Visitor: 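Next up is a structure, given as structure tokens.
Note that these values count all heavy atoms, side chains included, but never hydrogens, waters or copies made by symmetry. Just so we're on the same page: letters track the sequence lines, and every chain starts at 1. Bear in mind the structure is a predicted one, so any value in this text is a computation, not a measurement.
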Amino acid sequence: MAIFDQAIRRLSLSLSLSRRRSSLSFSTLSSNPLRVCVVGAGPAGFYTAEKMLKAHHGAEVDIIDRLPTPFGLVRSGVAPDHPETKIVMNQFSKAAQHERCSFFGNFTLGSSVSLSELRELYHVVVLAYGAESDRALGIPGEYLSGIHSAREFVWWYNGHPDGKNLSPDLKSTDTAVILGQGNVALDAARILLQSTSVLATTDIASHALEALEQSSIRKVYLVGRRGPAQAACTAKELREVLGIKDLYIHINEVDLHKSPEDEEVLKNNRIHRRVYELLSKAATSAPSHPSSSQRELHFVFFRKPDRFLDSGEGSGRVAGVHFEKTVLKGAFLSINGVVVTALSHLLYVAQHLNRTVGPGKQIAVGTGSYEYLDCGLVLKSIGYKSLPVDGLPFDHEKGVVPNIKGRVLAETSGDPTQLEKGLYVCGWLKRGPTGIIATNLYCAEETVASISEDVHQGEIAPTSTFPKPGRQGLLQLLDNRDVRAVPFSAWEKIDSEERRLGNLRSKPREKLTTYENLLKVATE
Amino acid sequence: MSRSRLFSRIGAGIVKELSRGQCTAFYRTSFIQRPYSARWQPQVELHPETKGHQGTISQKHRQFSSTATGSDSADGSDLNEMISVAFVDKDGEETDIKVPIGMSMLEAAHENDIELEGKDYNAIFLDQHISFLVDYNWVLCFCTGACEGSLACSTCHVIVTDMEYYNKLEDPTDEENDMLDLAFGLTETSRLGCQVIAKPELNGMRIALPAATRNFAVDGYVPKPH
């Protein structure tokens, strides 16, 4: 191990030497570089910055974020028991430490600085601030207490400074219902059902660990509108939740029946096929009854929530969910005659709007028969939603910024030639809230290719004749407004303090979960 | 465009040599003592929570690296312990490289400055190729796969072009298959570069980098949430 450490030191030394050498050569630090601002320091933002630095060897790239901490959902979305997924932070840190790149956190686009100001300050602005809100079901009782969005729950257990106060009540009920069967839903189920001794070795927020240690939740229902052949999760997360020690799994075998349409879906889609196989194996290998001490996970298919019920006596607390049973309909089956083409087009559009219909294009429709499920906690895991800022064209229906390959379209109703010059989008704000971290790699490549093309073709004014103030201008503006931006070196302090605190508790990291504590450490 | 590409490549080549010249001593001395993967992972210091995973990988390679000690295989001087592998990039250009037995294709690509992750736009701007002077070392650190070989992403996806060679590989594990599920442009002979380990039977193998699916958002592909 000593040899290993020694070698690592030597490598670090060599890298720092080469860095020093680089700064001497000075060839890239033009006095009027292309100044780029990336808003949002998550995967989309960092991949964009990385690709910009590589494609434009003179560009200066600033990544800004409303939090004092970088990495977005890698820090506050990826589950604490998935440390290997977070390794990508190393790559992002390298980008942030690049000599032409900076990170500034702790100020918000839209309040500390406006979009139009940013566009004045920089040649190129790339919005990659993701989706910080939730889709709503729009059914009665949705705002009873005890009902949370999965996003809030995830922020809570991951120590997001805006999630600390959620304090979900895990003590007055033994049953939780999770609406949705995607990976976020599976993460939430796993956190609720996993042994806290396992979670204690992760970087889970300590307030969440304490609450989970006292949790009385024994049963979790994962409810989906469609069947096992359409489940939105991936095999990895499913395998994990199925593999939790001493957990009773229940799946109705009748739900596993495959229609010819399902067969088609499974034949053509590897993810769905492997997920279906895992579910089907779990259904047949499970014992018929749980033992008395076992926690339980129930997969419930073909149910859509109809309304939430409160516990009566005006408590305002959720006591159960009323579901309508569903069946799957091929999208075109019930349509007759001449309108087929027009309607199918509409359905196609609707599918893209809601992303509710995956491959196979089958949708869940209510049957008029209902069912009731008692529970004291509901997590809605039905999708994230992006929010607009002032001066940004926004498609409220799709929840994305209208764009062509990342170029933002001006609001003048769909005319593809009307572009917002110098303004781009990437990540969930560009394509909607789906995909894995690596999806952003391709998404960023597309956006950066558009920027490169525009720079090359003079769509973005040449930086030598039209210099912009960039970083200095931004910092000056924030200073004038008494807004304290936090640089990457401040994050490094937070990082090392979190690791030090984690070390004391045999965790990889103890996250600081309030703005106050984060900023205290950041400015020490 | 082809002209600018050419110039960029020349620029990069020159710089590569310059840069190599100054770093060689370091690379050589460290090679014998260390597992392959450790050479380009200074990051363990940054985020020790990932150490466990990197540890296992290093362990795996440590066994392999013992076969390469005693000779400076990095120079290709001992061909008995190297195999020939051709990497085919997105433009169909082929690069033949020598890979020591026991090294993964992800590491081999990295060693030879072949970028597996996504498409490379380095060559777009002719007038800026000189800045490779600054960027070379930095670029070098950027093709390690998002998870650095810990089987938690699909960014090192490669395609074995010949079924015969594909069949010589161990079957992918469930975990590798889980990640391949999420890879862009998956084929029957797709593997993760970090899981394809050089062995004598693979001598002469060709590996293609999948074409980036640039218009993935509109071609009906619906990526799944993380």
Visitor: Can you give me the closest heavy-atom contact between Leu182(B) and Thr234(A), atom names plus distance?
Guide: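 Taking Leu182(B) first and Thr234(A) second, the nearest heavy atoms are CD2-CG2, 3.7 Å.
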
Visitor: How long is the span from the NZ atom in Lys236(A) to the CD atom in Glu176(B), to the nearest 0.5 Å?
Guide: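 The NZ atom of Lys236(A) sits 14.0 Å away from the CD atom of Glu176(B).
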
Visitor: Rounded at 0.5 Å granularity, tell me how far CD1 in Ile271(A) sits from CG in Asn177(B).
Guide: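 Output value for this atom pair is 11.5 Å.
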
Visitor: Non-hydrogen atoms of chain A under 4.5 Å away: do they reach the side chain of Leu180(B), the backbone, both or neither?
Guide: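 For Leu180(B), heavy atoms of backbone and side chain both lie under 4.5 Å from chain A.
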
Visitor: Are any of the side-chain heavy atoms of Arg274(A) and Asp178(B) separated by less than 4.5 Å?
Guide: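 Answer yes - side chains close enough.
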
Visitor: Test your reading of the model: is there a side-chain donor-acceptor pair from Arg270(A) to the backbone of Leu186(B), 3.5 Å cut-off?
Guide: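 Answer holds: no.
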
Visitor: Can you give me the closest heavy-atom contact between Ala146(B) and Tyr47(A), atom names plus distance?
Guide: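 Smallest interatomic distance, heavy atoms only, reads CB-OH, 3.8 Å.
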
Visitor: Do Leu151(B) and Glu84(A) pass the side-chain contact (heavy atoms from CB on, under 4.5 Å) test, and can you show the C-alpha distance, the side-chain angles, and the key distance before you say yes or no?
Guide: CA-CA 8 Å; Leu151(B) 211 41; Glu84(A) 66 287 350; over 6 Å; no

Visitor: Decide yes or no on side-chain contact (heavy atoms from CB on, under 4.5 Å) for Cys153(B) and Ile436(A), but give the supporting numbers first.
Guide: CA-CA 9 Å; Cys153(B) 77; Ile436(A) 56 169; over 6 Å; no

Visitor: Quick check on Arg239(A) against chain B: is it the side chain, the backbone, both or neither that has a heavy atom closer than 4.5 Å?
Guide: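 Contact with chain B is through the side chain of Arg239(A) alone.
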
Visitor: Distance check, rounded to the nearest 0.5 Å: Ile87(A) atom CD1 versus Ser150(B) atom OG?
Guide: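 Going from the CD1 atom of Ile87(A) to the OG atom of Ser150(B) covers 3.5 Å.
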
